[in-house]
Amino acid sequence: MRYFSNFIDSGDHFTYVCLSYFIVFLILFLMFFLSYTKTKKLEKEFTLLSKNETKK
Amino acid sequence: MVLEIISVFFYRNKRLIFDNFNLKLKNSQIMILIGSNGIGKTTLFELIVGILEPQKGIIKINNQLIQKMFEKKRKNFTYLPHKDGLKDNLTIIENIENWNYLSASKYDFVKLKSSLDYFDLFKIKDENVGNLSQGQRKKVSLSKLILSNNLLWLLDEPFNGLDSDSIIKTKRILENHRKNGGSVLLSSHIDVKIKSSRKIVLNKLRQKRRRDICEINSWEEL
Amino acid sequence: MIFKFANPLRFQKFVSKYQPTLLYLSLIFLVCGLFFSFFNSPPDYMQGETVRIMYIHVPCAWFSLMIYSLIAICSLFSIVFKHTLADIISRASAPIGASFTLATLITGSIWGKPTWGTWWVWDARLTSELILFFIYLGLILITTSYEDKSKGDRYASILAVVGIVNLPIIKWSVDWWNTLHQPASISKLSSPSIDQSMLTPLFIMTISFLFFFVSVLLMRIKAEIIQRKIDVIRFNRVD
Amino acid sequence: MRIDGFFNLIKREMRICLKNSFVMISFSSFFLISILIFVFAFGSGSIDGDKLYKPIVWVLLIFSLMLISENFTNNDYADGSLKEMQFLGYSEEVIILSKGIAMWFMIMLPTFFLIPISSILFNVTFTNSVILFLNICLACPSLILISLVSSLFSIQLKNNKIIQFIIIFPFYMPIIIFTTSTTNNDIDGYIFDDNNFLILIGIFFITLPISLLTSKLIMKEINR
């Protein structure tokens, strides 16, 4: 806890560290989110297409 | 046997083009491949020449595998592709000379002159190829045939865009070549008549069969 | 062995079974790592509190290199054996690698501002990392810009194999040239030159990122396989 | 591979080059006009010539290399002569090598006149321009090979310029770094003691096999 309170008091450095953590997690989350939506969309499309195929 | 194609199987772009295709070409024989557009005539020539490799099957020229032929041995056939490889801003004679150097037949100006004369091209030999019409371009590339000393000729659509007069002239060259013991494989999308030649009609592979293959390809490979 | 997974159906089942678990594991490790990095590690006596950036900067850098070497190995495999799975893996992991590289560059420059006084220096390691980012961009562009997918894959694999020249330059640039960037602290596992309390968050973060990478990679591979199936169905319909 | 086949290829490339003299003219006029634009943009008063001259020349050279490399590969691909050379039995490495030699000739011949003229415009000292010229001589072969490979990469694409640039950029960077650092070190008069010249030659010997190999792979891929 002592380390953390020191860290919060460190002023300028605190913003730098928080900014970098925020940016990294933002990038990784975006990566995850984009691939997740892409997968879901493709899965939907595939089930639709394969249904049509079997009907024929 | 000059040219031998044994059970060639080839697909590209998920599309099956040849399935168990066989062809044999003997000495002093002219063979005409007839088929509609997109059937794979050009592909067949490229397979023979070694630009493409078949997935299965063997192709032999003079009883030698084409993939194992190196520069010098490759000079024993003459292939005129559909895209003629003529440079627009070079004159006719420069183009022919370039081809002559690359195909490593000996430079012989008299022979060159006679070959250009045969199609009445010697008069306009200093014209840029870009200014010529489609038929004249074809004539320029056909005059390479007279220059070459090879026995096997592979011609992709030689009669495209020619007038009737030069079609007759071309046929005369082919027949002379046959009499001298050479053999010719040529393709055409329309029916042409040449004396004592064999015809092979390429048919489109059946729809269902093609589909099966395509499915097998994508699933097995995954 | 590898060809056992080559069956797409089996692979998809595997992915849908284990992918969420991997993601949860990564989240758990992430929370642990955050706790360690903020509460349980001391500030560096030279760099001060900014040393905490290192706990994400270093794993990102490792992964940017590791993913590239994965792509390069897959590309070599695909050039030699022409196996589609290798193409799919390299296609799926290129964007992830690019995002890790971007993260490395951004955190590095944020770290550089308080420590060196500038956002960016044309130092060997930074430059080579930037080059890596551009190679990733080229890979992504070349795979997406071809109509015929297999052709794009083949070109991309050739490019990836050529680009492997850059990897040793990044790895050993700090040893070869005397640069501003500090040399690797954990080169020897037996006696690392940094303290134990700083090592724990670093490794926990690395493990968390590893799980994240694997789960996203699996998801992207699955998407790629479905995409190819859709392409096959569409292609058959056209005929 | 017989050696006279190689000479035949070079002869062919040179003949096409000399016939396409508009390429050389357009290259040199592009170079001169851009230099003039830079001169006008800086204003006539105070140009810090020695410092700005080298980067400007390198930027222009790289862009013009990219533009010219298209003439060698894309035209050949379009009219089918690339295929023709392949089925006539010339190996892919030799084709690319002959193209590279022809292109080197085509770049170096105008540069020989362009560098002095533009260095007069920029008020650059004589030694500096000589060093720059030497640098271009040494670095151009590897740059040319890389640009040929990258133009092969994008030969079948419609909007190929951007992709070509992005592919080419990471591989150009080390060469540019070393060339510019050579020209910056010459203040003391130690020109030829510099290691960077040796490094440039070394880079050429690394790029030569790699680019030949990749071009072989790509040219096999193009036909497929």
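Residue numbers begin at 1 in each chain, while the letters A, B, ... track the order of the sequences.
Chain C forms the most heavy-atom pairs under 4.5 Å with one residue out of A/L34, A/L30, A/L28, A/L19, and that residue is A/L28. Highest contact tally toward chain C, considering only A/K40, A/E43, A/K38, is held by A/E43 [criterion: heavy-atom pairs under 4.5 Å]. Looking only at heavy-atom pairs under 4.5 Å with chain C, the residue among A/F14, A/F46, A/Y21 that has the most is A/Y21.
Separating the CZ atom in C/F100 from the CE atom in A/M31 is a distance of 9.5 Å, to the nearest 0.5 Å. In this structure, the separation between CD1 on C/I106 and OG on A/S20 is 10.5 Å, given to the nearest 0.5 Å. To the nearest 0.5 Å, atom OG of residue A/S35 and atom CE of residue C/M219 are 4.0 Å apart.
Within 6.0 Å of the CZ atom in A/F32, the count of heavy atoms belonging to other residues, nucleotides or ligands exceeds 12. The local environment of CZ in A/F25 is crowded, with over 12 non-hydrogen atoms from other residues, nucleotides or ligands closer than 6.0 Å.
No side-chain heavy atom of A/I23 sits less than 4.5 Å from a side-chain heavy atom of C/T107. Residues A/E45 and C/Q227 have side chains not in contact (no heavy-atom distance under 4.5 Å, counting atoms from C-beta outward).
Minimum interatomic distance between A/T39 and C/K222 (heavy atoms only, all atoms of both residues): CG2-CD, 4.5 Å. A/L42 and C/A223 make their closest contact through CD1-O, 3.4 Å (heavy atoms, listed as atom of the first residue, atom of the second, distance). Taking all atoms of both residues into account, the shortest heavy-atom contact from C/A103 to A/V24 is CB-CG2, 4.1 Å. Among all heavy-atom pairs drawn from A/Y16 and C/I53, the shortest one is O-CD1, 4.1 Å.
For chain A, the nearby part of C/F212 is the side chain; its heavy atoms alone come within less than 4.5 Å.
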